[in-house]
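So the structure is just underneath, and the comments pick up after that.
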2 protein chains.
Amino acid sequence: MSSGRARRGKASGGMGRRPARLSAVDRRRAILAAAKEIFLAEGYEGTTMRRIAEALGVTPTTLYLHFPDKSALLTEICDDSFAQLVVEFARADLEHAPPLEALRRLLDSYVGFGLAHPREYRLLFMTEVPPHVGGHRPVPGDGATRPDNGQIAFAALEALVRRLVDEGVFRPGDVETIAEAIWAAAHGLVSLLIAMPHFPWSERARLVDAIAEMVLRGWTRA
Amino acid sequence: MSSGRARRGKASGGMGRRPARLSAVDRRRAILAAAKEIFLAEGYEGTTMRRIAEALGVTPTTLYLHFPDKSALLTEICDDSFAQLVVEFARADLEHAPPLEALRRLLDSYVGFGLAHPREYRLLFMTEVPPHVGGHRPVPGDGATRPDNGQIAFAALEALVRRLVDEGVFRPGDVETIAEAIWAAAHGLVSLLIAMPHFPWSERARLVDAIAEMVLRGWTRA
DNA sequence: TTGTTAAGTTAACATTGTTATTCAATCATC
DNA sequence: GATGATTGAATAACAATGTTAACTTAACAA
């Protein structure tokens with residue numbers, strides 16, 4: 001893996017000709033697209049800023065013109081993915097389905113989302129929130145944090161549980177607690193699969209089934 | 001150059017006096033102890049090999065005399081923590097209790113362990129182990145086949161589930177899958193509480209109860 | 001033309017994990 | 001005690017990473 005010194009011809013590190021000059025908005029979008037692709041392919045740690053820049057035909061410094069640091073890329077990508085989750089929930093059509101069916105669908109889409117976006121999932125639900133000690137000044141484009149998409153998603157689950165309890169499908173109990181327990185079960189599956197990929201897990205589909213079954217039978221009336 | 005270099009007194013970042021020369025076994029132990037402390041305090045990514053060495057009054061190179069790389073430290077420390085969990089499981093006295101009672105106790109001790117040692121828990125089950133991408137060949141002494149403590153702990157759960165299925169307390173099903181699902185539920189609770197301390201959770205005792213109830217009713221015969 | 005602005009580059013900095021090489025303390029043996 | 005091997009530890013570096021300071025160039029308005 002030895003890379004020699006920078007030779008003048010081939011551009012492993014040095015750029016050849018200048019890239020097209022894009023507007024800030026377009027460059028931003030292009031960076032996000034490239035970053036997402038590489039993050040998904042190589043993982044967060046496995047992705048370097050240089051690699052992203054190279055894919056764009058741009059120097060690494062350019063990335064810092066549009067994003068304060070590497071994690072900002074992931075954060076923004078995650079926010080997009082989270083919106084997808086909300087969409088996924090909506091697509092489960094919770095309002096108009098039989099509630100048990102709806103819960104089942106919700107669990108499926110939650111797990112499906114997590115396993116389809118393990119990077120994002122890890123950042124959203126498994127990352128230690130740092131004390132934000134760093135000496136970073138605020139970013140030009142960085143607005144205030146919006147109302148959390150995650151809370152919206154949890155509210156959907158909670159509403160569904162309330163409906164199940166009210167209709168007598170679930171046995172009575174504290175709706176919030178039940179919703180949290182169900183979330184824990186789904187999250188436990190996703191996060192374990194993500195964090196411990198070397199464990200000899202059962203077949204995924206069967207595992208998801210087992211979790212859903214446990215949740216449904218665990219709360220439905222005897 | 002100059003005949004005798006100043007070996008001492010370079011206080012700025014460098015080493016002071018030579019450390020006590022320890023036997024390989026003792027040095028290994030000392031490294032593990034220091035690494036564990038710092039890992040727990042700063043997290044895996046936040047811990048540098050230099051920092052560990054500094055805490056020992058030793059140069060970073062010394063660490064590589066006793067461990068192949070950074071992740072090896074994490075692996076070994078995790079194994080120790082798992083041993084604690086195994087002890088906790090044994091203390092639940094699974095063999096001699098009615099199986100449902102035993103499962104309940106096992107869940108309690110698992111959750112208790114996680115919430116009592118959130119740092120260790122995070123290290124064990126939530127830390128990303130980097131894909132070991134560098135040009136390292138596997139260490140000769142590393143059998144990779146010896147049953148680690150984590151597998152022992154899981155085996156205890158699995159045995160208990162098998163007993164419950166065999167005795168007809170649980171409805172029939174794949175024992176491994178059921179055990180994994182139960183683990184997922186317990187882990188989901190612990191890891192969510194650890195990772196999202198700001199979420200407005202229900203009271204802890206009630207949550208633990210809800211999880212246990214969901215698990216037990218989820219698998220017991222109708 | 002000139003001047004300003006914003007997009008981009010060059011060249012580095014500071015850290016990181018890690019290693020090739022050298023030094024020195026211990027210990028068995030003469 | 002002197003000698004030489006063993007091995008714990010240090011020095012000094014390597015390459016890669018995230019990141020930044022300082023400079024360059026395209027576009028456009030006056």
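All chains are named by letter (A, B, ...) in the order of the sequence lines, taking the proteins before the strands, and each is independently numbered beginning at 1. Note that the structure is predicted; figures quoted are calculated from it, not measured. All values below come from the heavy atoms of this structure, side chains included, with hydrogens, waters and symmetry mates left out.
- Pairs passing the ring-ring contact (aromatic ring centres under 6.0 Å, His included) check and including a residue from residues 22-56 of chain A, sequence neighbours excluded, read F39(A)-Y44(A).
- Note on H66(A): every side-chain N or O is 4.0 Å or more away from OP1 and OP2 of dA7(C).
- One finds no side-chain N or O of R27(B) lying less than 4.0 angstrom from the OP1 or OP2 phosphate oxygen of dT7(D).
- Among the protein residues, R50(B) comes within range of the nucleic acid bases, having at least one heavy atom under 4.0 Å from a base atom.
- Y64(A) has a side-chain polar atom (N or O) that falls below the 4.0 Å cut-off from OP1 or OP2 of dT19(D).
- At the heavy-atom level, S71(A) lies nowhere under 4.0 Å from the strands shown.
- Comparing R21(B) and M49(B), the nucleotide of DNA chain C nearest to each residue sits closer to the 5' end for M49(B).
- One interatomic measurement links the two molecules: CZ of R28(B) to C1' of dA9(D), which rounds to 17 Å at whole-angstrom precision.
- At whole-Å resolution of the value, CZ in F67(B) and P in dG8(D) are 13 Å apart.
- In this model, a side-chain donor or acceptor of T61(B) finds a partner on the base of dT19(C) within 3.5 Å.
- Look at T62(B) and you'll find a side-chain N or O under 4.0 angstrom from OP1 or OP2 of dA10(D).
- Atom P of nucleotide dG17(C) and atom NZ of K70(B) are separated by 5 Å, given to the nearest angstrom.
- Over its full length, the helix from dT1(C)-dA30(D) to dC30(C)-dG1(D) turns its helical axis through 30°, comparing axes from the five pairs at each end and rounding to 10°.
- Formation of a donor-acceptor pair under 3.5 Å by the W201(B) side chain with backbone atoms of E180(A) is not found in this model.
- The nearest whole Å value for the distance from the CD1 atom in I31(A) to the C1' atom in dA7(C) is 11 Å.
- For L56(A) and dT9(C), the CG to C1' distance is 15 Å, given to the nearest whole Å.
- The residues R206(B) and D209(B) are annotated as not salt-bridged, no charged nitrogen and carboxylate oxygen being separated by less than 4.0 angstrom.
- Remark: of the listed residues I31(B), L73(B), L74(B), I77(B), I77(B) is the sole one forming a side-chain contact (heavy atoms from CB on, under 4.5 Å) with K36(B).
- Within the 4.5 Å cutoff, the side chain of I194(A) has no heavy atoms near those of the H117(A) side chain.
- In this structure, E42(A) atom CD and dA16(D) atom C1' are separated by 16 Å, rounded to whole Å.
- Taking the side chain as every heavy atom from C-beta outward, F89(A) and F113(A) never approach each other to under 4.5 Å.
- Rounding to whole angstrom units, CG of residue L63(B) and P of dT18(C) are separated by 10 Å.
- At whole-Å resolution of the value, CG in D26(A) and P in dA6(C) are 16 Å apart.
- T48(A) comes within 4.0 angstrom of sugar-phosphate atoms only, judged by non-hydrogen atoms across all strands, and of no base.
- Salt bridge R105(B)/D108(B): absent, no basic N to carboxylate O contact under 4.0 Å.
- Distance from the side chain of T59(B) is smallest to dT11(D) among dT9(C), dT11(D), dG17(C).
- Annotation: R104(A), atom CZ; neighbour count of heavy atoms from other residues, nucleotides and ligands within 6.0 Å is above 12.
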